[in-house]
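Below, each value reflects all heavy atoms present in this structure, side chains not excepted, and no hydrogens, waters or symmetry copies. One-based numbering along the sequence shown.
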Amino acid sequence: MRSPRHVRFVELSGEAMSALLDGDLSKASRAAGVSLTEYFVTDRAQWLWRFRLDQMAADPGHARWMVRQAVIGSRGLVLGHAGFHGPPDGVGMVEIGYAVAPDFRRRGYARSTLAELLRRAATEPAVTTVQATIAPDNVASLATISGFGFVEVGEQWDEEDGRELIFEVPARPVPPA
């Protein structure tokens with residue numbers, strides 16, 4: 001039997017994201033095949049849907065790397081969203097992103113979501129490195145990545161989020177020499 005914190009991903013289509021931008025949770029939920037909550041129409045979420053739709057319009061082939069709903073249980077309870085910021089770059093790096101709705105925080109779901117993202121990255125032959133960028137004061141996210149082998153490799157300035165620390169981990173474990 002799977003852990004109650006096992007997370008699976010369900011694609012969030014362009015149709016669903018467009019409905020979310022319109023504030024139509026009912027239409028978005030029908031398009032997604034699961035019941036979405038108000039968390040998906042917050043200002044922050046709306047910014048993400050707009051950004052991802054623009055990315056998908058520029059290159060529809062990138063859609064499979066983008067946003068998924070993080071779902072638990074047989075009834076498809078949606079606890080947040082997760083995905084990659086795009087396909088692997090020229091050296092095989094993908095950046096992960098995930099968010100857990102407030103009602104589900106501090107219960108292990110972020111770690112389960114991260115584990116599923118890393119599992120997916122490991123199955124992609126083109127992916128060699130997984131990157132996470134986190135604000136230095138985001139204690140919860142820093143705690144979430146601990147224990148997954150991430151190493152701090154630098155920092156950057158993000159126009160949306162400000163200063164971020166950059167962490168990376170190999171997509172697949174390196175066998176011992």
Side-chain angles (χ1 to χ4, degrees), residues 1-21 23-53 55-56 62-88 93-124 127 130-135 138-150 160-161 164 167-169 171:
M1 181 174 207
R2 288 188 170 163
S3 158
R5 287 181 186 78
H6 175 77
V7 173
R8 64 184 170 89
F9 295 146
V10 177
E11 182 178 351
L12 190 60
S13 68
E15 178 186 358
M17 284 187 262
S18 293
L20 289 168
L21 281 174
D24 191 338
L25 272 175
S26 178
K27 182 177 179 182
S29 294
R30 282 192 306 277
V34 290
S35 183
L36 301 174
T37 66
E38 293 290 327
Y39 182 67
F40 284 79
V41 292
T42 62
D43 289 343
R44 178 75 176 159
Q46 297 248 323
W47 175 88
L48 179 63
W49 311 143
R50 194 170 296 107
F51 184 75
R52 295 296 182 227
L53 283 170
Q55 282 182 298
M56 290 165 48
H62 291 184
R64 76 178 193 91
W65 293 95
M66 303 291 176
V67 181
R68 304 275 188 259
Q69 290 118 184
V71 177
I72 54 170
S74 59
R75 294 190 343 256
L77 186 60
V78 180
L79 62 97
H81 53 84
F84 302 99
H85 290 257
M93 190 277 298
V94 291
E95 184 177 350
I96 56 171
Y98 53 92
V100 175
D103 290 349
F104 294 95
R105 291 181 185 156
R106 302 194 54 78
R107 299 194 324 197
Y109 293 117
R111 289 184 68 80
S112 295
T113 300
L114 174 57
E116 182 62 14
L117 284 168
L118 292 172
R119 188 197 67 72
R120 288 184 150 233
T123 66
E124 294 284 344
V127 177
V130 178
Q131 184 178 87
T133 58
I134 302 171
N138 188 337
V139 176
S141 287
L142 292 169
T144 298
I145 68 166
S146 71
F148 282 95
F150 281 91
E160 184 69 23
D161 298 322
E164 296 176 324
F167 297 88
E168 293 182 352
V169 67

Step-by-step side chain to side chain contact (heavy atoms under 4.5 Å, CB included) determination, Leu114 to Phe148: CA-CA 9 Å; Leu114 174 57; Phe148 282 95; 3.5 Å; yes

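- Each of Arg120, His85, Glu124 was evaluated against Trp65; a single residue qualifies, Glu124, per the side chain to side chain contact (heavy atoms under 4.5 Å, CB included) test.
- Atom CD in Glu168 sits 6.5 Å away from atom CE in Met93 (nearest 0.5 Å).
- Residues Leu117 and Val130 form no side-chain contact, since every pair of their non-hydrogen atoms from C-beta on lies 4.5 Å or further apart.
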Apply side chain to side chain contact (heavy atoms under 4.5 Å, CB included) to the pair Phe167 and Thr133, showing each step before the final yes or no. CA-CA 6 Å; Phe167 297 88; Thr133 58; over 6 Å; no

Apply side chain to side chain contact (heavy atoms under 4.5 Å, CB included) to residues His81 and Leu12 and explain how you reach the verdict. CA-CA 9 Å; His81 53 84; Leu12 190 60; 5.5 Å; no

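- The closest side-chain heavy-atom distance from Val41 to Trp49 is not below 4.5 Å.
- Across every non-hydrogen atom of Val100 and Arg105, the tightest pair is O-NE, 2.6 Å.
- Of all non-hydrogen atoms in Val94 and Gly86, the two that sit nearest each other are CG1-O, 4.0 Å.
- Heavy atoms only, all atoms of each residue included: Gln46 and Gly23 are closest at NE2-N, 4.4 Å.
- For the pair Leu21/Leu53, a side-chain contact is recorded, criterion being any heavy-atom separation below 4.5 Å from C-beta on.
- A cation-pi arrangement is found for Arg44 relative to Trp47, the charged atom lying closer than 6.0 Å to the ring centre and inside a 45° cone about the ring normal.
- For residues 27-40, the set of pairs meeting the side chain to side chain donor-acceptor pair (under 3.5 Å) definition, not counting sequence neighbours, comprises Ser26-Arg30.
- Note that OH of Tyr98 is 5.0 Å distant from OG of Ser141, once rounded to the nearest 0.5 Å.
- Across Val10 and Arg8, no two heavy atoms sit closer than the pair CG2-NH1, 3.5 Å.
- Between Ser18 and Glu15, the closest side-chain pair of non-hydrogen atoms is not below 4.5 Å.
- A search for side chain to side chain contact (heavy atoms under 4.5 Å, CB included) contacts involving Ala28 returns Ala19, Leu20, Leu36, not counting sequence neighbours.
- We find the CG-OG1 distance between Leu118 and Thr113 to be 11.0 Å, quoted to the nearest 0.5 Å.
- Taken from CG in Leu25 to CZ in Phe40, the straight-line distance is 9.5 Å, to the nearest 0.5 Å.
- Side chain of Glu95 to backbone of Gln131: no donor-acceptor contact under 3.5 angstrom is found.
- Here the closest heavy-atom approach between residue Ala121 and residue Ala171 is recorded as O-CB, 4.3 Å.
- Judged purely by atom type and a 3.5 angstrom limit, Arg111 uses its side chain to pair as donor or acceptor with the backbone of Thr144.
- Taking CD1 of Ile96 as the reference point, atom CD of Glu116 lies at 12.0 Å (rounded to 0.5 Å).
- Side-chain contact between Glu11 and Arg68 is present, with at least one heavy-atom pair separated by less than 4.5 Å.
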